[in-house]
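What follows is a short report on a single structure.
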There are 2 protein chains.
Amino acid sequence: MTRVFNFSPGPATLPEPVLRQAADEMLDWHGTGMSVMEMSHRGKEFISIHAEAEALLRELLDIPPGYKVLFMQGGAIGENAIVPLNLVGATGKADYVVTGDWSKKSAKEAATYGKVNIAATGEAGKFTAIPKQSDWKLDPGAAYVHICSNETIGGVQYHWTPDTGKVPLVADMSSDILSRPIDVSKYGLIYGGAQKNMGPSGVTVVIVRDDLLGHALPVCPSAFNYKLQAENDSMYNTPPTYAIYILGLVCKYVKERGGMAAMAEHNVAKAKVLYDFLDSSSYFRNSVAKEDRSLMNVPFHLKDPSKDETFLQGAQARGMIQLKGHRSVGGMRASIYNAMPIEGVQALVHFMKEFEKEHG
Amino acid sequence: MTRVFNFSPGPATLPEPVLRQAADEMLDWHGTGMSVMEMSHRGKEFISIHAEAEALLRELLDIPPGYKVLFMQGGAIGENAIVPLNLVGATGKADYVVTGDWSKKSAKEAATYGKVNIAATGEAGKFTAIPKQSDWKLDPGAAYVHICSNETIGGVQYHWTPDTGKVPLVADMSSDILSRPIDVSKYGLIYGGAQKNMGPSGVTVVIVRDDLLGHALPVCPSAFNYKLQAENDSMYNTPPTYAIYILGLVCKYVKERGGMAAMAEHNVAKAKVLYDFLDSSSYFRNSVAKEDRSLMNVPFHLKDPSKDETFLQGAQARGMIQLKGHRSVGGMRASIYNAMPIEGVQALVHFMKEFEKEHG
């Protein structure tokens, strides 16, 4: 069996030891005679799996008391509605900072549920930089300020935490949660689909400060009501049990490898290999402002776009897949989440050098 | 490794060959060098898995043209809101037939989005029988009539299909879909969480007639808009990929074993073993009207409820788990979905006979 280097933006590569353990335990988890998939979510076995996943996530992200951790369904696109359905009711309006396709989509969906103020947008610069906070037009009466900490399509990432004063900061961290330390206390709410750094698609993590619960609009579906889910330990409806189990295994793996500090070091080192090469190349280029470059998703273009397909085929032949850029920006994109080993990035750069020699 | 007989109401026991295949393919699906969990949902590998799961489901349930099959998130409790969010807009009102806790919950949630008429309810009889259609007070102006085909808590099941004329029939089939043949053409919409007969929790199947698409209320979240999902082949947001893969494996298993007719025969035979014993026993009893008894969930009570815990412990010691009844009805409940072998039911009855001899 040869495992590929999978540069998919998500669902994405997972740590091999996690997959091995999942395979080993598939028919019989810890001598129970059951697969995790077969367990009642009300049984003591799954409750222990759920509790351990939450405890590990709390430990890794150093989540302070006063925050609930919810495991929900619907993904980040679901949360685009679920967040305002739960939070905007406090004042009826919300601020959105638009730094790419994902935060733009979030802002658009929120407008169904309240008054949305675009506090800042990087669209004029084609989303190649994060607008500086000094240029944001924040509304002190907003129920929250929404950002997307990492944009997978444009490849921009916040390397600083906005200060929104008394207005709660809400962050879609789908694509960089668990990749570096964060100061949760600076946020009112953090959410993320699991399928980049945390596990399989189908489970969404919501970390929410207690005082933000209880403002749901009357039209908020019960299954997506944070307060109801918090009161029921995320079991108001049947949770996506197997996805939560894998998320727990990933957290255990990350902890064993040194937690958030080690992940950040690993991710900085990997991204440096790729950006250093891009900056030295006259054939490949990345257009993002250096201070806003994503450590997770690295879009890049070939000097000659007619060679894109040749590049992709060459990469595939060398066991590197899913490098095609998003259709809205074209070119290539290397997604290098936690589980991508540095060897994968080195192999990619090695091939890019070869390719440049031949076609440059 | 000893596998238990798992009588959980859901998530529930799965076919062992499905779990074996999932374990074998965990690190490398069909030589791709990837786990299914790691695949981009936009890649050709996952698209083929998704398409095969849908094709198998269409074949097994004989779904006619003119119906979309959607794989969504949120479960049946999510659908309690998502169904009216998508359908009630046509006329602003809907009929609900209440036959147990699940359909009661559905009706309650729907009232947020439109005018709900309880066309019939079995509550006065403690949900031990399905109200006859001649007693239903249907509203010809309803956007749809909602039923729950099988109630897991009370253990009642429709063994006939209501005739609602021109008003579309909507059925929550979470707990009996894929257990017997159904005439899909008699329904406007069928939905079900996968975690009883189809796979793991976290994926919800929605089978919807084309003409019902396009009536979503403005407050319907995009991720849960049937029309948007239908237009995007259930990939408007990232679908729960691994759960869909397992659902596909379960469908393949069911097909190999003869499809719906064979499943129905198997389920009737299993239920007969248990109900025949219950009817012959003076110690155990099931209170459901014979013609409405569920083939999936068999609640029963001991003559002496103080022995409930002894019974559960004895069953557990013999490798039979999750037999405790729902707290709202007490006693015991054996959930005997497709993947429960007849040997499991025979073992249960064998133990019940022993128990009756000792304690009766």
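Basis for what follows: all heavy atoms, side chains included, without hydrogens, waters or symmetry-related copies. Numbers restart at 1 for each chain; the letters A, B, ... are given by sequence-line order, proteins then strands.
For A/Trp29, the CH2 atom sits in a packed shell: over 12 heavy atoms of surrounding residues, nucleotides or ligands are nearer than 6.0 Å.
Note on B/Thr32, B/Leu217, B/Thr238: by heavy-atom pairs under 4.5 Å with chain A, the leading option is B/Thr238. In terms of heavy-atom pairs under 4.5 Å with chain A, the best-connected choice from B/Pro239, B/Ser40, B/Pro200, B/Ala22 is B/Ser40. Interface remark: of the candidates B/Pro218, B/Gly10, B/Ala23, B/Ala23 forms the most heavy-atom pairs closer than 4.5 Å to chain A.
The part of B/Ile246 that comes within reach of chain A is its side chain, from C-beta onward, which places non-hydrogen atoms under 4.5 angstrom from that chain. Looking at B/Pro9, there are no atoms closer than 4.5 Å to chain A (heavy atoms on both sides), in backbone or side chain. Both the backbone and the side chain of B/Met37 come within less than 4.5 Å of a heavy atom of chain A. Residue A/Ser201 touches chain B through both its backbone and its side chain, counting heavy-atom pairs closer than 4.5 Å. Heavy atoms closer than 4.5 Å to chain B are found in the side chain of A/Leu85, but not in its backbone. If you measure heavy-atom distances from A/Phe46 to chain B, you find no contacts under 4.5 Å at all. With a 4.5 Å cut-off on non-hydrogen atoms, A/Gln195 touches chain B through its side chain but not through its backbone. Contact annotation for A/Met39: only backbone heavy atoms (N, CA, C, O) come within less than 4.5 Å of a heavy atom of chain B. Neither the backbone nor the side chain of A/Ala243 comes within contact range of chain B; no heavy atoms are under 4.5 Å apart.
Judged by distance alone, the side chain of B/Glu109 and the main-chain N or O of A/Ser222 form a donor-acceptor pair under 3.5 Å. Using modelled atom types, no side-chain atom of A/Asn6 and backbone atom of B/Met34 make a donor-acceptor pair closer than 3.5 Å. Between the side chain of A/Glu38 and the backbone N or O of B/Thr13, no donor-acceptor pair lies under 3.5 Å.
Taking all atoms of both residues into account, the shortest heavy-atom contact from B/Pro221 to A/Ala81 is CB-CB, 3.5 Å. Contact between A/Val219 and B/Tyr113 at its shortest, heavy atoms only, is O-OH, 2.8 Å. Across all their heavy atoms, A/Arg3 and B/Leu27 have their closest contact at NH1-O, 3.1 Å. A pairwise comparison of heavy atoms in A/Leu19 and B/Met26 identifies O-CG, 3.3 Å as the closest pair.
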